[in-house]
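All values reported here derive from a predicted model rather than from experimental measurement. In listed order, ligands and their atoms are each counted from 1.
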Amino acid sequence: MRADPPLLEARDISVAFGSFRAVDGASLTIGKGEIIGLIGPNGAGKSTFFNCLAGDRQPASGSIRLRGHDVTRASPEDHARLGLARSWQVPAVFDDMSVRDNVVVGAFLRHKRASDAAAVADRVIAFTGLAPIAQSRSGSLGTPARKRLEIARALATEPEILLLDEALAGLTPTEVRAAIELVRRIHAQGITLVIVEHVMEVILSLADRAVVFNQGRVIAEGKPRDVVQDPGVIEAYLGRSLSRKARA
Ligand SMILES: Nc1ncnc2c1ncn2[C@@H]1O[C@H](COP(=O)(O)OP(=O)(O)O)[C@@H](O)[C@H]1O
Ligand SMILES: [Mg+2]
């Protein structure tokens, strides 16, 4: 009997911008049901690596398999059909459309009939707490609602794995708590998550496994609490205040 392939497997991914290697031989294997926290300083290559995983950028070298399929050079749509959805660090919603219509766009990936897509969208809108503003113009929303809308649109594609790129950045502590709660409910639906996040408390409270990026490479990986106390990680870039917080 063969074991199931990992949900997502990225091997030796490299991306160069001119002579600068933004991602430099990074590998990551993601099992079904995990919540992985991807951390690292600004410019470490996290978003560029995410873009490769989602098909939004082709790596110069390396390979990516999604549910056993080679998707290294596949389009974002192919990734989405295979069950991968992502949010952007800078929300990429259609400003002139209503919140509901933005979510319907996501649902059209799997449903050709407008009524079916609308039914999925309404379910996702209720799930993400967007019902009170479903008819608002998306361009009129503030940051927390835009970030939530991005997540809703991704969920409307009915993904098996969801990549969130700083979906909680710029939120107040109260909004962060609400967003953490939403991530937990998404996970409880059986969706695997990879989250890029700067706020360490978020990683510590949500992630099963932390993967630390620095200068385009994975420099540490393990239980979040162990990783943030790893002297190499602290010395490299996280700062001593963080190690104190992790011990507290
Ligand atoms: N399209 C691009 N063209 C040139 N340089 C880029 C581009 N995208 C990202 N970079 C550079 O690559 C590095 C990694 O960026 P990024 O992946 O956004 O890091 P992170 O998400 O970890 O902050 C940074 O130095 C950034 O300036
Ligand atoms: Mg980024």
Side-chain angles (χ1 to χ4, degrees), residues 8-30 35-64 66 71-76 79 84-93 143-144 146-151 153-154 159 161-171 175-176 179-180 183 193-204 206-207 209-222 224 227-228 230 232-239 241-242:
L8 186 62
E9 191 175 25
R11 274 201 206 152
D12 256 334
I13 300 301
S14 291
V15 176
F17 297 114
S19 60
F20 173 68
R21 282 179 173 258
V23 181
D24 190 11
S27 298
L28 179 63
T29 300
I30 302 163
I35 303 184
I36 293 180
L38 201 60
I39 60 176
N42 265 331
K46 305 178 298 294
S47 291
T48 305
F49 184 65
F50 249 46
N51 292 344
C52 293
L53 296 184
D56 291 302
R57 180 176 291 285
Q58 292 194 356
S61 59
S63 68
I64 302 168
L66 175 57
V71 292
T72 315
R73 318 245 164 258
S75 69
H79 283 72
L84 183 145
R86 61 91 49 93
S87 76
W88 293 88
Q89 185 166 344
V90 179
V93 300
T143 301
R146 283 174 82 82
K147 298 227 160 187
R148 205 161 263 247
L149 172 54
E150 273 251 311
I151 294 174
R153 200 177 49 181
I161 176 166
L162 177 60
L163 313 182
L164 299 179
D165 195 354
E166 300 203 18
L168 283 60
L171 305 188
E175 291 158 356
V176 166
I180 287 177
V183 171
L193 287 141
V194 187
I195 52 181
V196 167
E197 195 45 68
H198 271 309
V199 183
M200 277 314 293
E201 276 78 0
V202 173
I203 298 291
L204 289 168
L206 275 177
R209 181 152 64 101
V211 175
V212 187
F213 257 66
N214 195 29
Q215 298 182 347
R217 296 167 175 273
V218 175
I219 62 157
E221 184 166 353
V227 161
V228 297
D230 178 317
V233 171
I234 294 166
E235 290 307 322
Y237 62 99
L238 287 177
S241 63
L242 185 74

- Message: When you measure from atom 26 (C) of ligand 1 to the protein, is at least one non-hydrogen atom found at a distance under 4.0 Å?
- Response: no

- Heavy atom of protein inside 4.0 Å of atom 23 (O) of ligand 1, strictly below: yes

- Test side-chain contact (heavy atoms from CB on, under 4.5 Å) applied to Ile161 and Leu66, step by step: CA-CA 10 Å; Ile161 176 166; Leu66 175 57; 4.3 Å; yes

- Atoms of ligand 1 under 4.0 Å from any heavy atom of Ala44, numbered from 1 in the order shown, are 19 (O), 20 (P), 22 (O)

- Query: Going by the atom numbers of ligand 1, which of them fall below 4.0 Å from some non-hydrogen atom of Asn42?
  - Reply: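 What qualifies from ligand 1 is 23 (O).
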
Counting only N and O atoms by type, is there a donor-acceptor contact under 3.5 Å from the side chain of [X] to the main-chain atoms of [Y]?
X: Lys46; Y: Phe213; value: no
X: Arg73; Y: Pro59; value: yes
X: Thr29; Y: Glu9; value: no

- Task: Evaluate the criterion side-chain contact (heavy atoms from CB on, under 4.5 Å) for residue pair Phe50 and Leu38; output intermediate values, then yes/no.
- Result: CA-CA 10 Å; Phe50 249 46; Leu38 201 60; 3.7 Å; yes

Do any heavy atoms of [X] fall under 4.0 Å from ligand 1?
X: Gly40; value: no
X: Gly18; value: no
X: Phe20; value: yes

- Residue pair Leu28, Arg209: steps toward the side-chain contact (heavy atoms from CB on, under 4.5 Å) verdict: CA-CA 11 Å; Leu28 179 63; Arg209 181 152 64 101; 4.2 Å; yes

- With Glu175 via salt bridge (charged side-chain N to carboxylate O under 4.0 Å, His left out) - residues at least two apart: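 Salt bridge (charged side-chain N to carboxylate O under 4.0 Å, His left out) list for Glu175, sorted by chain: empty.
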
Out of [options], indicate the one that has the non-hydrogen atom closest to [atom].
atom: atom 20 (P) of ligand 1; options: Cys52, Gly216, Gly43, Ala16; value: Gly43
atom: atom 17 (O) of ligand 1; options: Thr48, Val23, Asn51; value: Thr48
atom: atom 19 (O) of ligand 1; options: Ala22, Gly45, Pro41; value: Gly45

- Could you go step by step and tell me if Cys52 and Ile64 meet the side-chain contact (heavy atoms from CB on, under 4.5 Å) rule? CA-CA 8 Å; Cys52 293; Ile64 302 168; 4.0 Å; yes

- If you measure from each non-hydrogen atom of Arg57 to ligand 1, which part falls under 4.0 Å: side chain, backbone, both or neither?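 Looking at Arg57 and ligand 1, just side chain atoms fall under 4.0 Å.
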
- Message: Strictly under 2.8 Å of the Mg ion (ligand 2): which protein N/O/S atoms qualify?
- Response: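 Listed by chain and number, the nearby protein N, O or S atoms are Ser47 OG, Gln89 OE1.
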
State, yes or no, whether a side-chain contact exists between [X] and [Y] at a heavy-atom distance under 4.5 Å.
X: Asp56; Y: Arg86; value: yes
X: Leu193; Y: Leu206; value: no
X: Phe17; Y: Val23; value: no

- Considering heavy atoms of the protein only, find what lies nearest to atom 18 (O) of ligand 1 and give residue, atom and distance to 0.1 Å. Ser47 CB, 3.7 Å

- Closest non-hydrogen protein atom to atom 9 (C) of ligand 1, residue and atom name please, with distance? Phe17 CE1, 3.5 Å

- Message: Whether Lys147 and Glu150 form a salt bridge (side-chain N of Lys/Arg under 4.0 Å from carboxylate O of Asp/Glu) is what I want to check.
- Response: no

